[in-house]
There are 2 protein chains.
Amino acid sequence: MNEPFLSRTANFCDACTVRNRAICGDLDNEEIVALNAIGQRRHLSAGENLLWEGDDAVVVANVVEGMLKLSTSTADGKEQILGLAFPADFIGRPFGHSTPYSVEALTDVLVCVFRRADFDKFAREHPRLEHKLLERTLSELDRTRKWMLLLGRMTAEQRVATFLLDLSVRFPVEEEVGTQPGAFALRLSRGQIADVLGLTIETVSREFTKLKKAGVVSLPNRREVAIEDREALEDLAS
Amino acid sequence: MNEPFLSRTANFCDACTVRNRAICGDLDNEEIVALNAIGQRRHLSAGENLLWEGDDAVVVANVVEGMLKLSTSTADGKEQILGLAFPADFIGRPFGHSTPYSVEALTDVLVCVFRRADFDKFAREHPRLEHKLLERTLSELDRTRKWMLLLGRMTAEQRVATFLLDLSVRFPVEEEVGTQPGAFALRLSRGQIADVLGLTIETVSREFTKLKKAGVVSLPNRREVAIEDREALEDLAS
DNA sequence: CGACTTATTGATGCCCATCAAATCTCGTGG
DNA sequence: CCACGAGATTTGATGGGCATCAATAAGTCG
């Protein structure tokens, strides 16, 4: 009798690893159930697209696992990555009619997807959720502006250094499998890194070897990096 | 008796030129009066700062008149402009502790200022205002991301062309005083334009003369531009 | 082990920053 | 009214950083 009957409802939010950090963090049980009703989980394989720039904005989503990139293109086809999305980040454009950027999974990804119309309605009816979304959007704006500094003013060396420091923070060492301690997984190809930093593959590669020769980092293998001299790297990031 | 007594309250919102477009647009009369009570108008002269990067976020503001720039700097002192603020835009960082960018008036400016703590409290109590703020923040994020494309991938020529087209849209011809018809006021020095576009003064100047020689624009004087061949300019903006 | 993808390394050239100097604009005071 | 000077803008010369083109090397998967 005392057992809360709601828990019987199949509810993937209960076990959600980003529940507290994502925009649903402030909702109570009843609200979560309602949100659950309009959302669904979806797996994406690395390389798959969730949204295409310019399409009607039909869905929004919360990232549960994995890493995605947001990108846009110039008229003449050059790609520019606008940012990366990590677990607990929110993706898509609520209250708008078209999606301003493409979203592609860089790794295998688990997202929690909502039809935009459903989400918009739900948000307007739940100010606490809207508030969370506002806070998240504001910090996303802050992060985006920091990125502008990188694209507008930093040299290739500074960009790569900044990027490595960022990643090392966002991916605390988990996967020390037989490799160097302190190493972390890059999870991005050189080409993807180049896109993120607004550089070319070749330049990224050259900067990596420069850093290696200087003893600042070591590269146990292609998809891993170990920061050997964090202070030096921070200096380079300027 | 039928005369609404509220109107007796001195209320500068009533005559506000951006009232409908700014975040206060959806508030009813009573709410406006309450908002009025915590805000105050303030004039800034061109060159004056409203916020400094890194300072405690003490105020937020609505732009009523004029044009401001948001900027940040690298550790080694190079400035990067993050964007421009026009009438009806919202400035500052609610729900945060420090201001992530500096705000400086480029022209004489009229703003409607709130202490951040007051504003935060008011916003949380008025979901309609929060919703407006959310929408505005989302479109600001869209605009900022477009700007990243400019900084990350466009050539100097494309940047200048894009900039001129943008300005011509944002400043519909008002001030045709004895100069060329269709001309509009630049209001920014070459140096300011250079900062905005992530270029140097010299490059901006060279691009301007190139455009002039190509007959795409004419420059009646230093602070004015007339677009002679919009189509060509749009092609250049790519 | 071979075919294919991804990364590294090398050579060259272009765009734009930097340094330098000439010219323009405009306010100020003689 | 004009001369003067400080700041802004334009124009010129040079160089560096990064893209581009090209070739080699290193993984990866059948």
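In what follows, chains carry the letters A, B, and so on, assigned in the order in which the sequence lines appear, proteins first and then strands, with residues in each chain numbered from 1.
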Output the rounded distance in Å from CD1 (A/Ile201) to C1' (C/dT6). 8 Å
For a quick check of understanding: with a heavy-atom distance under 4.0 Å over all strands, which category does A/Thr200 fall into, base, sugar-phosphate or nothing? base
Where A/Leu50 and A/Arg42 come nearest, the two heavy atoms and their spacing: CD1-NH1, 3.9 Å
Is there, by distance only and without an angle test, a donor paired with an acceptor across the side chain of A/Arg206 and the base of D/dG17 below 3.5 Å? no
Side-chain donor/acceptor of B/Arg190 to base of D/dT10, under 3.5 Å: no
Among the candidates D/dC18, D/dG27, D/dA8, find the nucleotide nearest to the side-chain atoms of A/Thr155. D/dC18
Length of the line joining B/Leu219:CG and D/dT10:P, which is rounded to integer Å: 7 Å
Of all heavy-atom pairs between B/Ile227 and B/Leu164, which one has the smallest distance, and what is that distance? CD1-O, 4.3 Å
Out of C/dT9, C/dA17, D/dT9, whichever nucleotide has its closest atom nearest the side chain of A/Glu202: C/dT9
Minimum-distance nucleotide to A/Ala156 side chain [options: D/dT10, C/dT18, D/dC18]: D/dC18
Indicate, with yes or no, if the rings of A/Phe95 and A/Phe119 have centres closer together than 6.0 Å. no
Are A/Glu157 and A/Arg206 ion-paired here, with the side-chain N under 4.0 Å from a carboxylate O? no
For B/Glu207 and C/dA17, what is the distance between atoms CD and P respectively, to the nearest whole Å? 10 Å
Any ion pair linking A/Arg136 and A/Asp89 (charged N to carboxylate O, less than 4.0 Å)? yes
Heavy-atom nearest nucleotide on DNA chain C taken for A/Arg153 and for A/Arg223; more 5' hit belongs to A/Arg223
D/dA8, C/dA17, C/dT6: which one has an atom nearest the side-chain heavy atoms of B/Leu199? C/dA17
Round to the nearest Å and state the distance from B/Leu197 atom CG to C/dC15 atom P. 18 Å
Within this structure, what is the CD-to-P distance between B/Glu224 and D/dT9, rounded to whole angstrom? 14 Å
Rounded interatomic separation in angstrom, taking CD from B/Glu157 and C1' from C/dA17: 18 Å
For A/Arg159 and D/dA19, what is the distance between atoms CZ and P respectively, to the nearest whole Å? 8 Å
Rounded to whole angstrom units, what separation is found between the NZ atom of A/Lys210 and the P atom of C/dG10? 14 Å
Among C/dT8, C/dA17, D/dT10, which nucleotide sits nearest the side chain of B/Thr203? C/dA17
